[in-house]
Amino acid sequence: MIDTLIAGVGVSVVLLIGVGLARVVRRRWQPRGRHTLANDLDERLAERLETGTATHLEQSPTVRRIAVVDSETETPLVVPIVRVDLETTDAPGMTLLFEYVAAVLEAIHPILDEREERVDHYDVEFTFGPGGLFVEGECRRVSVAPELAARLLERERYGAFELCRDVKRADKDDDSPTVLWGNCRRGRSR
């Protein structure tokens, strides 16, 4: 009886050590620059997008991960994925949605451009709806090509409305990475 108990405790300790090592190894394999970049983008998002009263945000949008699309080149092609958790029960209207998309892109595009990151497209994910123990809220995304993000900063009279119009047009083009209102992609965070 005691031998069985000791063996069980030993197996538990080995499993805990294994899980801890797996986390350390996974973190070490992640390029340090991507983690630093994600932290810098998170800081910028926290500075630029207000939370609290009179907003639909209890917390700032965060970089869920920076996906690498093409790692064969010296400077890989990346997809920054930003999560915006809306405190709404229903899907947001397009006007509100694109105000957030534009604000996110205006916050992070300059940093990526300054660091000469090759961006394939931006994914801005939105979570909304009731969430709880047995029910999961919904997650949808807007994907925006980098040239549309650049227009927000380059043109004085280009804002959320114009971005929405251009995303709707580009969504119909099979060659464009732009998506108007797609399902969130599955994948690990950061």
Side-chain angles (χ1 to χ4, degrees), residues 22-49 51 57 59-86 97-128 138-155 158-160 162-190:
R23 286 186 178 179
V24 168
V25 168
R26 188 180 74 200
R27 186 176 273 290
R28 289 230 182 244
W29 281 347
Q30 181 181 27
R32 188 167 205 71
R34 297 279 167 246
H35 187 68
T36 302
L37 176 60
N39 287 339
D40 291 348
L41 295 176
D42 278 343
E43 286 177 18
R44 177 67 68 91
L45 289 166
E47 290 171 7
R48 297 285 176 100
L49 280 94
T51 59
L57 303 176
Q59 63 184 21
S60 298
T62 57
V63 175
R64 196 171 126 239
R65 70 185 173 119
I66 298 177
V68 177
V69 177
D70 172 24
S71 60
E72 301 297 318
T73 61
E74 189 175 315
T75 52
L77 200 55
V78 297
V79 178
I81 302 170
V82 176
R83 175 72 55 93
V84 179
D85 294 318
L86 296 176
L97 185 80
F98 273 90
E99 286 176 14
Y100 282 117
V101 172
V104 164
L105 296 176
E106 287 172 340
I108 67 172
H109 180 75
I111 292 175
L112 293 156
D113 195 39
E114 179 181 292
R115 294 186 182 186
E116 297 180 357
E117 293 285 341
R118 292 181 51 228
V119 176
D120 182 67
H121 65 276
Y122 296 91
D123 274 351
V124 182
E125 297 180 339
F126 292 90
T127 60
F128 55 91
E138 194 168 343
C139 182
R140 304 285 291 206
R141 71 183 161 88
V142 174
S143 299
V144 180
E147 52 273 9
L148 294 179
R151 287 181 193 170
L152 286 166
L153 301 166
E154 294 168 356
R155 296 184 185 173
Y158 191 89
E162 292 78 13
L163 179 64
C164 180
R165 180 195 63 215
D166 290 346
V167 167
K168 284 179 183 177
R169 284 183 194 151
D171 183 49
K172 297 173 186 170
D173 181 1
D174 292 337
D175 294 331
S176 174
T178 302
V179 175
L180 178 59
W181 195 233
N183 290 321
C184 292
R185 297 181 175 134
R186 301 231 186 262
R188 65 179 176 84
S189 295
R190 281 205 199 189

Participant: Can you see which heavy atom on Ala149 is nearest to which on Val144, and at what distance?
Facilitator: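 Looking at all heavy atoms of both residues, the closest pair is N-CG1, 4.1 Å.
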Participant: Over all heavy atoms of both residues, which pair between Pro146 and Val119 is shortest? Give the atoms and the distance, please.
Facilitator: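 Looking at all heavy atoms of both residues, the shortest contact is CG-O, 3.2 Å.
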Participant: Mind running side-chain contact (heavy atoms from CB on, under 4.5 Å) on Thr75 and Glu116 for me, showing each step along the way?
Facilitator: CA-CA 9 Å; Thr75 52; Glu116 297 180 357; over 6 Å; no
Participant: Can you confirm whether Ile66 sits close enough to Glu117 that some side-chain heavy atom of one is under 4.5 Å from a side-chain heavy atom of the other?
Facilitator: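 SC-SC contact between Ile66 and Glu117 ruled out.
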Participant: The criterion is side chain to side chain contact (heavy atoms under 4.5 Å, CB included); which residues satisfy it with Arg48, sequence neighbours excluded?
Facilitator: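 Partners of Arg48 under the side chain to side chain contact (heavy atoms under 4.5 Å, CB included) test: Arg44, Ala107.
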Participant: With a 4.5 Å heavy-atom cut-off, do Leu153 and Asp113 have their side chains touching?
Facilitator: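 Not in contact.
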Participant: Passes side-chain contact (heavy atoms from CB on, under 4.5 Å), Val63 versus Ile81? Steps please.
Facilitator: CA-CA 6 Å; Val63 175; Ile81 302 170; over 6 Å; no
Participant: Kindly indicate whether the side chain of Leu105, heavy atoms from C-beta on, has any atom under 4.5 Å from the side chain of Val82.
Facilitator: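 Answer no - side chains too far apart.
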Participant: Return each pair, listed once, that meets ring-ring contact (aromatic ring centres under 6.0 Å, His included) where at least one residue sits in residues 97-117; pairs must be two or more places apart or across chains.
Facilitator: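 Only His109-Tyr122 qualify under ring-ring contact (aromatic ring centres under 6.0 Å, His included).
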Participant: Run the numbers on Leu45 and Ile108 for side-chain contact (heavy atoms from CB on, under 4.5 Å), then give the verdict.
Facilitator: CA-CA 7 Å; Leu45 289 166; Ile108 67 172; 3.8 Å; yes
Participant: How long is the straight-line distance from CZ of Arg165 back to CZ of Arg169, given to the nearest 0.5 Å?
Facilitator: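 It is 5.0 Å, given to the nearest 0.5 Å.
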Participant: Closest approach of Ser143 and Pro177, non-hydrogen atoms and distance?
Facilitator: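 Here Ser143 and Pro177 meet closest at CB-O, 3.4 Å.
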Participant: Name the residue from Arg185, Arg141, Arg83, Arg140 that meets the salt bridge (Lys or Arg N to Asp or Glu O under 4.0 Å) definition with Glu125.
Facilitator: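 When Arg185, Arg141, Arg83, Arg140 are each tested with Glu125, the salt bridge (Lys or Arg N to Asp or Glu O under 4.0 Å) holds only for Arg83.
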Participant: Which value, rounded to the nearest 0.5 Å, describes the distance between Phe128 atom CZ and Asp85 atom CG?
Facilitator: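 Reported to 0.5 Å precision, the distance equals 11.5 Å.
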Participant: Less than 4.5 Å apart, side chain to side chain, heavy atoms only: is that true for Val101 and Val84?
Facilitator: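 Val101 does not reach Val84 side chain to side chain.
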Participant: What is the minimum heavy-atom distance between Asp171 and Leu180, and which atoms define it?
Facilitator: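 In this case the closest contact between Asp171 and Leu180 is OD1-N, 3.3 Å.
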Participant: Yes or no on salt bridge (charged side-chain N to carboxylate O under 4.0 Å, His left out) for Arg64 and Asp123, after CA distance, side-chain angles and deciding distance?
Facilitator: CA-CA 10 Å; Arg64 196 171 126 239; Asp123 274 351; over 6 Å; no
Participant: Enter the distance from His35:NE2 to Asp40:CG here, rounded to the nearest 0.5 Å.
Facilitator: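 His35 atom NE2 to Asp40 atom CG measures 10.0 Å (nearest 0.5 Å).
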Participant: Could you go through Arg118 and Asp70, starting from their C-alpha distance and side-chain angles, then the distance that decides it, and tell me whether this counts as side-chain contact (heavy atoms from CB on, under 4.5 Å)?
Facilitator: CA-CA 10 Å; Arg118 292 181 51 228; Asp70 172 24; 4.2 Å; yes
Participant: Testing the basics here: between Val167 and Thr178, what is the closest heavy-atom pair and its distance to 0.1 Å?
Facilitator: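 Here Val167 and Thr178 meet closest at CG1-CG2, 3.6 Å.
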Participant: Please report the shortest heavy-atom distance between Ser60 and Leu49, naming the atom on each side.
Facilitator: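 Where Ser60 meets Leu49 most closely, the heavy atoms are OG-O, 3.9 Å.
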Participant: Distance check, rounded to the nearest 0.5 Å: Leu86 atom CG versus Thr127 atom OG1?
Facilitator: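 It comes to 6.5 Å.
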